[in-house]
Every structure is written in C-alpha cells, then in structure tokens.
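Take a look at the structure set out below.
Heavy atoms only: backbone and side chains are in, while hydrogens, waters and symmetry mates are out. Predicted model only: the values in this text are computed from it and were never measured. Each chain gets a letter, A, B and so on, in the order its sequence line appears, and its residues count up from 1.
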Amino acid sequence: MDGVAAMKWFLPVLSVVAAIVVFWYLACVPMNVKFAMMTAERQGVVVSPEGVQARRDMSAILLAVRNPVVWADTWTQDKPRLPAPHQVVAELWKTTAEVKPTSKRSLVFHAWVTLSATLAGFVIGAGAGIILAVGIVHSRAMDMSVMPWAIASQTIPILAIAPMIIVVLNSFGVQGLLPKAIISAYLSFFPVVVGMVKGLRSPGPMDLDQMRTWSATRAQTFWKLRLPASAPYLFASLKIGVASSLVGTIVAELPAGGGQGLGFRLLSGSYYGQTVQIWAALFATAILAAGLVAIISGIERGTLKRMGLA
Amino acid sequence: MTLVIAAFVLWALAWWCNVWLANGPARDMAATRLAVPLIFGLTLLAIWELVVRGLGVSMVILPAPSVIAEKISTSLPILWTDFVQTFIKGALSGYLIGIAAAFVVAVIADRSSFLRRGLLPVGSFVAAMPIVGTAPILVMWYGFDWQSKAAVVVVMVFFPMLVNITAGLQETTNMQRDQMKTWAASYWQGFWKMRLPAAMPFIFNGLKISSTLALIGAIVAEFFGSPISGMGFRISTSVGQLALDMVWAEIFVAALSGSVFYGVIALIERGVTFWHPSQRK
C-alpha cells in the first residue's frame with residue numbers, strides 16, 4: 001500500500017475514533033453527574049439544586065449543564081456508571097504491566113485462560129469442520145443429510161446450550177479447559193463447514209472438465225484443484241469461526257466459575273459493581289479478538305500470495 | 001443392551017436408505033431433498049432415545065427426546081411467557097431499534113465520503129468484536145427488565161447493519177448514477193428509486209446475520225440478571241436446579257423461534273429482491 005492510499009483511510013478513521021473518544025468523555029458527565037454532585041455536596045461545594053431528593057427526578061443532562069463544578073470529578077470516580085477512557089486504559093495498564101502475569105489479579109492470566117480454551121476449541125472445531133466438508137463434497141448422501149442441518153444451525157442461538165454443557169460435563173468430573181473448548185469448538189464448527197463446502201465446490205464445470213480430460217483421479221482433483229480453490233473461502237470462514245470461538249469461551253466462563261478467564265472477570269465485575277474492571281475486561285476481549293483475526297488475516301495474505309491469488 | 005444394538009441397526013438402515021435415496025432414481029425430486037435430511041434428523045433423535053434408555057443414562061444428565069417433548073407439552077404457558085419476554089420484548093424491539101439507528105447513520109455517512117471511509121473500517125472492526133460482553137454494563141444501566149436486553153441487541157445488530165447498508169448503498173455503478181443525473185433526479189429520488197433498491201441484497205444479508213445475533217444477545221444478557229421470566233433466565237436457573245429437561249425445552253423454543261425469524265426474513269427478501277440473480281430460478 002502506498003502512502004497516498006494509506007492517508008485516504010487513515011485520516012477518516014482517525015477522525016471517527018477521535019470523535020468517539022470525545023463523545024465518550026462528554027457522555028461520562030451526565031452518566032456520573034448525580035454521584036459526583038453527592039460527593040461534592042458532602043465536601044461543602046455549592047451545587048444547584050441542593051439535596052439528593054430535589055435532584056432525584058431531574059434529567060442528568062440538565063444537572064450536568066447547571067453544575068460545571070463537578071465535571072472534573074465525573075472522570076475520576078472509583079465506581080462510575082461510565083468510566084472515562086483514561087480510567088479504563090489505566091486499569092488495563094495496572095492489571096497487565098504492574099502485577100505478575102501468574103497472579104489472579106493479572107488480566108494477562110485471565111486472558112491466557114480464555115485464549116487457551118479458545119484456541120483448543122477453534123482447532124478442534126475448524127479441523128472437524130474441514131473434515132466434514134470434505135465428506136460432504138464427496139458423498140451425496142452426506143451432503144443431502146447433513147448440509148440442511150448445518151445451514152439451519154446457523155440461524156439458532158446455539159450459545160444458549162453453553163451453561164448446560166458446563167454443568168453436565170462437570171457432573172462427569174470434567175472441568176477446566178475442556179468444557180469451554182467444547183463450546184468454542186461447537187461455535188466455530190458450523191461456519192467452517194458451510195464456508196469450506198462452498199469453497200470446495202467453487203471450481204466451475206470448466207475446471208472440473210479440464211481435470212477429467214487429464215484423466216485425473218478423484219484424489220488428484222481434490223488435492224490439485226478443489227483444495228487450493230477453497231483457500232479464500234476457508235480463510236473467510238476461519239475468521240468468523242475464531243471470533244465465534246472467543247464469544248463461546250467467554251459465555252462458557254460465565255457459569256463455569258472457577259474464578260478464571262475474561263468471562264469470569266465480566267461477571268465478577270458486574271456482581272461487585274466494579275465498572276472499571278468490566279470495561280477493562282471488555283477491552284481485553286476486544287484486543288484478543290482483533291489479535292486472533294489479525295493473525296488469521298496475516299496467514300491468509302501470506303498463503304494467498306504464495307498461491308498467486310492475491 | 002438390545003436397545004443400543006437396535007440403535008446401531010437403525011443407524012445402518014437409515015443411512016443405507018439415505019444413500020439409496022440420494023443416488024437412486026429419485027435423486028433429484030423435491031420430495032427426496034426434503035426426505036433425506038428429515039430421515040437423518042429423525043434417526044438422530046431415535047438413536048438418542050435408544051442409547052439413553054439402553055445405557056441407562058440418568059435422565060437428569062441427558063433427558064431422552066420423549067422426556068423433553070413431554071416437558072414441552074406440559075409447560076407451554078411458561079415457555080410462552082419466556083418467549084414473549086425474551087423474543088418479543090427483548091430481541092425484536094432491540095432488533096428494530098438497532099436497524100433503524102444503523103439506517104440513519106448509514107444514510108448520513110452516505111452523504112460524506114470522508115465519514116464513510118472512516119466509519120466503514122471502524123464499523124467492521126467493532127462488528128468482529130465480542131459485543132455480547134457489553135451485556136453486564138447495559139444490564140447495570142438499564143435495569144433487569146427487557147429494556148437492558150433490547151439495549152444489548154441494539155449494540156449487537158448496529159454494526160453489522162451499518163456495514164452492510166453502507167456497502168450496499170455503494171453498489172450502483174457510475175453509469176447508473178449518471179443516468180439518474182441526466183433525468184435531473186434529486187438526491188432523494190436517486191436514493192429511493194435506485195440506490196436503496198440496489199442495496200437490498202446487502203441489507204437483507206445484514207438482517208439475516210443480525211436476526212441470529214439478536215436472539216443470542218437477548219438470551220445471554222439474561223444470564224447477567226433478569227426478572228423471573230425469559231429464556232436465558234429459565235436456562236440459567238434450571239441448570240442450577242439440574243432440571244435439564246426444562247433447559248432442553250427452552251433450547252427447542254429458542255431454535256424454533258430463531259429459524260422462523262430467519263425464515264420470515266428470507267421470505268421477505270425473496271419478495272423484495274426478486275430481481276437479484278441469487279433469487280431467480
């Protein structure tokens with residue numbers, strides 16, 4: 001990418017992100033204003049109107065406009081309704097860089113727990129999906145039996161099954177990484193099946209006839225035509241699959257308890273009203289998701305380039 | 001043990017039947033296309049039933065399909081209240097608000113190419129994030145009732161819809177836009193008569209993706225707190241009581257409403273985008 005093209009999207013994206021941050025800071029004021037006014041009043045600052053009772057039913061925006069005195073405090077509270085961006089960044093920094101990665105207070109530790117379950121599940125799910133797709137392409141009976149269900153399964157909220165899988169496996173004594181990996185495998189399985197089948201079928205009649213004129217066997221057609229042709233489709237569905245895997249792991253961590261993982265951080269934050277912790281965990285999941293998708297994109301770019309497709 | 005062997009025999013028979021149907025003389029009939037997946041699905045259910053009973057698996061751990069069916073038929077009122085709470089109040093209202101909001105933003109972005117070039121990458125980036133994680137925050141802000149579920153759904157469907165509508169509105173070629181200009185069409189005439197219809201395949205793609213997301217968002221948000229009804233609430237409390245037949249009943253309702261929701265959107269799509277190659281027979 002040359003410099004001009006980069007500038008073409010860099011500046012607009014930067015402006016949009018900057019606008020979001022500014023809006024976020026502004027939103028903090030009405031969101032946190034009531035609590036800020038309460039503390040200010042206790043410290044003897046004059047606010048209008050006085051008394052919690054008088055303010056209870058007033059609009060937060062109106063209160064924010066009438067009391068610029070407390071604005072600064074809305075960005076520095078301990079348990080704000082909406083933490084300011086710098087508070088979230090500070091929490092992220094504190095829980096990643098300032099504590100040991102093996103400590104239970106470290107976000108790196110929780111992120112690793114989530115990441116390992118996600119990766120295990122993703123590898124199982126994507127692998128099984130690719131194998132099933134190969135079967136579907138080569139067996140008409142399998143195609144007609146399984147494919148409608150694979151497609152239908154994408155329209156249903158499979159995630160609802162997560163708490164039950166955790167509890168059932170727990171009753172068999174299976175705990176820790178495996179139950180979460182199963183759910184995350186389950187979620188990445190179907191997108192990969194559907195995408196891979198599409199990819200393996202993407203060679204047109206012309207290409208297939210060409211293979212036949214060379215009297216290629218089914219195996220040769222598969223390895224030299226179908227599999228390479230499926231690469232772009234495979235990578236597209238792997239990206240969707242890894243994102244759903246991560247969501248699956250996080251949701252699986254909600255009932256799993258055990259006190260580990262980013263999903264647990266979200267839940268415990270919401271139990272104890274630790275909003276900054278929730279936001280930090282949320283950003284950690286976002287960074288994780290972006291990282292995983294970026295890694296697959298990188299492999300995709302490298303592979304397709306070597307294949308001469310990109 | 002006989003039941004387990006019966007399950008294997010049934011599997012072999014049904015599979016042979018499907019192979020014959022799929023490769024035999026009736027292979028391209030519409031009835032075959034319907035029958036083969038049906039046989040497959042029913043066989044799976046039958047095997048589930050036979051294996052659970054044959055191996056004496058505790059019905060608490062894995063209830064047989066017949067037990068689940070009985071539970072569904074005896075608890076229809078509960079399932080209905082949960083459906084109304086989660087699907088109608090939470091998912092559907094959030095879905096509609098999210099789409100409307102995305103549409104407004106997309107139309108604004110459409111008027112400025114600077115804004116579009118900024119919003120599109122940010123939107124696609126956020127759409128790939130695990131947005132369902134915002135559920136605890138939104139439950140804290142909007143309370144335990146359906147409003148917080150609708151809010152989660154709004155956030156979840158907003159970004160995929162924004163990306164799809166914005167991309168769809170770019171679908172027309174320069175030639176087509178010039179044609180509208182030669183007819184002295186105003187921006188809005190061009191929008192309603194040409195660019196919006198051209199964007200419909202993209203919009204429906206977004207609508208279909210969002211329909212699944214909406215249900216997931218509403219159910220998962222209930223795991224973080226809910227009044228005493230709702231599919232997600234019932235699932236999490238029934239799991240706690242080890243009433244797994246109830247959990248399966250709720251999952252059945254969720255699956256059914258999810259596929260009907262998707263099916264309705266696909267039907268509308270067929271009517272609206274009848275001109276698109278993917279819809280022509």
(message) Please classify the contact of A:Ala152 with chain B as side chain, backbone, both or neither, using a heavy-atom distance under 4.5 Å.
(response) neither
(request) Tell me, out of A:Ser270, A:Ser145, A:Ala141, A:Pro157, who's got the most heavy-atom pairs with chain B below 4.5 Å. (result) A:Ser145
(message) Check whether A:Arg140 reaches the backbone of B:Asn23 with its side chain - one donor and one acceptor, N or O, closer than 3.5 Å.
(response) no
(request) Give a yes or no on this: more than 12 heavy atoms of other residues, nucleotides or ligands lie within 6.0 Å of atom NZ of A:Lys198. (result) no
(request) Name the region of B:Thr134, side chain, backbone, both or neither, that has any atom closer than 4.5 Å to a heavy atom of chain A. (result) both
(message) Within the structure provided, determine whether B:Val220 and A:Leu159 are in side-chain contact (heavy-atom separation under 4.5 Å).
(response) yes
(request) Heavy-atom pairs under 4.5 Å with chain A are the metric here; pick the option from B:Ile137, B:Val122, B:Ile209 that has the most. (result) B:Ile137
(request) Return the option, out of B:Pro130, B:Gly41, B:Ser113, with the maximum number of heavy-atom pairs under 4.5 Å with chain A. (result) B:Pro130
(message) I'd like to know whether CZ of A:Phe35 has more than 12 heavy-atom contacts from other residues, nucleotides or ligands below 6.0 angstrom.
(response) no
(request) Go through the atoms of A:Met147 and report whether side chain, backbone, both or neither lie under 4.5 Å from a heavy atom of chain B. (result) neither
(message) Under 4.5 Å from any heavy atom of chain A, what part of B:Leu21 do you find: side chain, backbone, both or neither?
(response) neither
(message) Less than 4.5 Å apart, side chain to side chain, heavy atoms only: is that true for B:Ile251 and A:Met164?
(response) yes
(message) Taking side chain as everything from C-beta outward and backbone as N, CA, C, O, which of these in B:Thr32 sits under 4.5 Å from a heavy atom of chain A? Side chain, backbone, both or neither.
(response) both
(request) Identify the heavy atoms of A:Met31 and B:Trp141 that sit nearest to each other, and give their distance. (result) CE-CE2, 3.2 Å
(request) State, with a plain yes or no, whether a side-chain heavy atom of A:Met144 is found less than 4.5 Å away from one of B:Phe40. (result) no
(message) Please identify, among B:Ser238, B:Ala214, B:Ala255, B:Gly225, the residue contributing the most non-hydrogen atom pairs under 4.5 Å to chain A.
(response) B:Ala255
(request) Tell me, out of A:Asp143, A:Val167, A:Ile20, A:Leu246, who's got the most heavy-atom pairs with chain B below 4.5 Å. (result) A:Val167
(message) With a 4.5 angstrom heavy-atom cut-off, is it the side chain or the backbone of B:Ser236 that approaches chain A, or both, or neither?
(response) neither
(message) If we define contacts as heavy-atom pairs under 4.5 Å, which of A:Ser244, A:Ala160, A:Ala162, A:Ala281 has the most with chain B?
(response) A:Ala160
(message) With a 4.5 angstrom heavy-atom cut-off, is it the side chain or the backbone of B:Phe125 that approaches chain A, or both, or neither?
(response) side chain
(message) Can you tell me which portion of A:Ser15 sits under 4.5 Å from chain B's heavy atoms? Options are side chain, backbone, both or neither.
(response) side chain
(message) What I'd like to find out is whether the side chain of B:Ile235 reaches to under 4.5 Å of the side chain of A:Pro163, using heavy atoms alone.
(response) yes
(request) Side chain from CB out, backbone as N, CA, C, O: work out which of these in B:Trp20 comes under 4.5 Å of a heavy atom of chain A, or both, or neither. (result) neither
(message) Just so I know, are the side chains of B:Phe223 and A:Val251 near enough to count as touching, which here means a heavy-atom distance under 4.5 Å?
(response) yes
(request) Under 4.5 Å heavy-atom distance to chain A, tell me which part of B:Leu119 shows up: side chain, backbone, both or neither. (result) both
(request) Determine whether B:Met140 and A:Thr275 make a side-chain contact, defined as any pair of heavy atoms from C-beta on separated by less than 4.5 Å. (result) yes
(request) Determine the option with the most heavy-atom pairs under 4.5 angstrom with chain B, choosing from A:Leu288, A:Ile161, A:Val293. (result) A:Ile161
(message) Are there over 12 heavy-atom neighbours, none belonging to B:Phe114, within less than 6.0 Å of that residue's CZ?
(response) yes
(message) Is A:Val13 in contact with chain B via its backbone, its side chain, both, or neither, using a 4.5 Å heavy-atom distance?
(response) both
(message) Heavy-atom count check: over 12 atoms from other residues, nucleotides or ligands less than 6.0 Å from A:Ile61 CD1?
(response) no
(message) Could you tell me if the side chain of A:Phe10 sits less than 4.5 Å from the side chain of B:Arg117, heavy atoms only?
(response) no
(message) Is the shortest side-chain heavy-atom distance between B:Ile61 and A:Phe172 below 4.5 Å?
(response) yes
